[in-house]
2 protein chains.
Amino acid sequence: MRLPVRRAAEVCPVEVAVSILGGTWKLTLVKHLTAGPLRFGQLGRRVPAANRKTLTRALRELEEDGVVHRDVHAEVPPRVEYSLTALGGTLAPIVEAMDSWGADYAARLAADPLQGRGSSRSA
Amino acid sequence: MRLPVRRAAEVCPVEVAVSILGGTWKLTLVKHLTAGPLRFGQLGRRVPAANRKTLTRALRELEEDGVVHRDVHAEVPPRVEYSLTALGGTLAPIVEAMDSWGADYAARLAADPLQGRGSSRSA
DNA sequence: CGGAATCCCTCCCGATACTG
DNA sequence: CAGTATCGGGAGGGATTCCG
């Protein structure tokens, strides 16, 4: 992962998407932002498993890739709002498809523990 | 990435999909397999950037996650065919959506170099 | 031909603490 | 509140070599 986008494009367009969206939490962040702009802290509360540093980096990379817009309000206390760009908005179908696929997969796991350890490593 | 699927499910279903499909080359492999079964060597030729070890591991993990089926023919020389499972087949819309999104993104990059270095690290 | 084994190295992601 | 600085572990991924 994290191939340079241009290299990824030479191999296969799907890898472009993966290289941009494949990082942990990134698609989750995009998903939450499809409902509207959110502040940094609000995003953090919606993804408690990600710490601030990780969150910041993910958002920065999404911003660099043109998916997310960062709006800094010069106030005290600071307020930073994140929203999807037009390009980010075009991800909605993908997010929805992957969300429902993932939900199905999780449901299947719960109902049918036989394939339980797939892609699970440590804890 | 590579969160245990069960943990990912607790956070967000999209992360389940990402943890299964987010690995490098994985979606590319699925994409090529949507056209029909392929042998190991054929897959390797379609993804020259991936070496055999990486390819093998990616396929094994996809197999463990129930996306890919591995068919070993007891012959000399050996012949191993990979195909999508029924579950893997349900990925077709996602693959297609991400492929076209990635293609659009790459085209935009080529036409509009201003956002050129997005998500690119070294080479 | 398709893999297993080995070595190695990047960088992803997390925990913690400090700043404006 | 939002972010950076620092530290660190550990997995992901590559190159190479040997095997059946």
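Every chain is numbered from 1 and lettered A, B, ... according to where its sequence line falls, protein lines coming before strand lines.
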**Message:** Considering only residues two or more places apart or on different chains, which pairs with a residue in residues 72-81 of chain A satisfy salt bridge (Lys or Arg N to Asp or Glu O under 4.0 Å)?
**Reply:** Glu75(A)-Arg79(A), Arg79(A)-Glu81(A)
**Prompt:** Rounded to whole angstroms, how far apart are CZ on Arg7(A) and P on dG14(D)?
**Reply:** 13 Å
**Request:** Not counting sequence neighbours, list each pair that qualifies as a side-chain hydrogen bond (donor to acceptor under 3.5 Å, both in side chains) and has a residue in residues 86-102 of chain B.
**Result:** Thr90(A)-Trp101(B), Trp101(A)-Thr90(B), Lys31(B)-Asp99(B)
**Contact list for residues 37-55 of chain A, test side-chain hydrogen bond (donor to acceptor under 3.5 Å, both in side chains), sequence neighbours left out** = Asn51(A)-Thr54(A)
**Asked** Can you list the residues that meet the side chain to side chain donor-acceptor pair (under 3.5 Å) rule with Arg70(B), with sequence neighbours excluded?
**Response** Tyr82(B)
**Side chain Thr85(A), main chain His69(A), donor-acceptor under 3.5 Å** = no
**Item:** Rounded distance (Å) that lies between atom P of dC1(C) and atom CD of Glu75(B)
**Value:** 14 Å
**Item:** All side chain to side chain contact (heavy atoms under 4.5 Å, CB included) counterparts of Ala50(A), not counting sequence neighbours
**Value:** Trp25(A), Val47(A), Leu55(A)
**Item:** Estimated bend of the helix from dC1(C)-dG20(D) to dG20(C)-dC1(D) (axis per five terminal pairs, rounded to 10 degrees)
**Value:** 50°
**Message:** Please report the distance, rounded to the nearest Å, between NZ in Lys26(A) and P in dC11(C).
**Reply:** 14 Å
**Asked** To the nearest Å, how far apart are Arg57(B) CZ and dA15(D) P?
**Response** 13 Å
**Message:** Holding to salt bridge (charged side-chain N to carboxylate O under 4.0 Å, His left out), I want the full list of residues that pass it with Glu63(B), two or more places apart in sequence or in another chain.
**Reply:** none
**Message:** Base, sugar-phosphate or nothing for Ala49(A)? Non-hydrogen atoms, less than 4.0 Å.
**Reply:** sugar-phosphate
**Prompt:** Which parts of nucleotides 1-8 of chain D does protein reach within less than 4.0 Å, heavy atoms only, written one letter per nucleotide 5' to 3' as B for base, S for sugar-phosphate only and - for none?
**Reply:** BSBS-BB-
**Asked** Under the side chain to side chain contact (heavy atoms under 4.5 Å, CB included) test, which residues partner Ala58(A), sequence neighbours left out?
**Response** Lys26(A), Leu29(A)
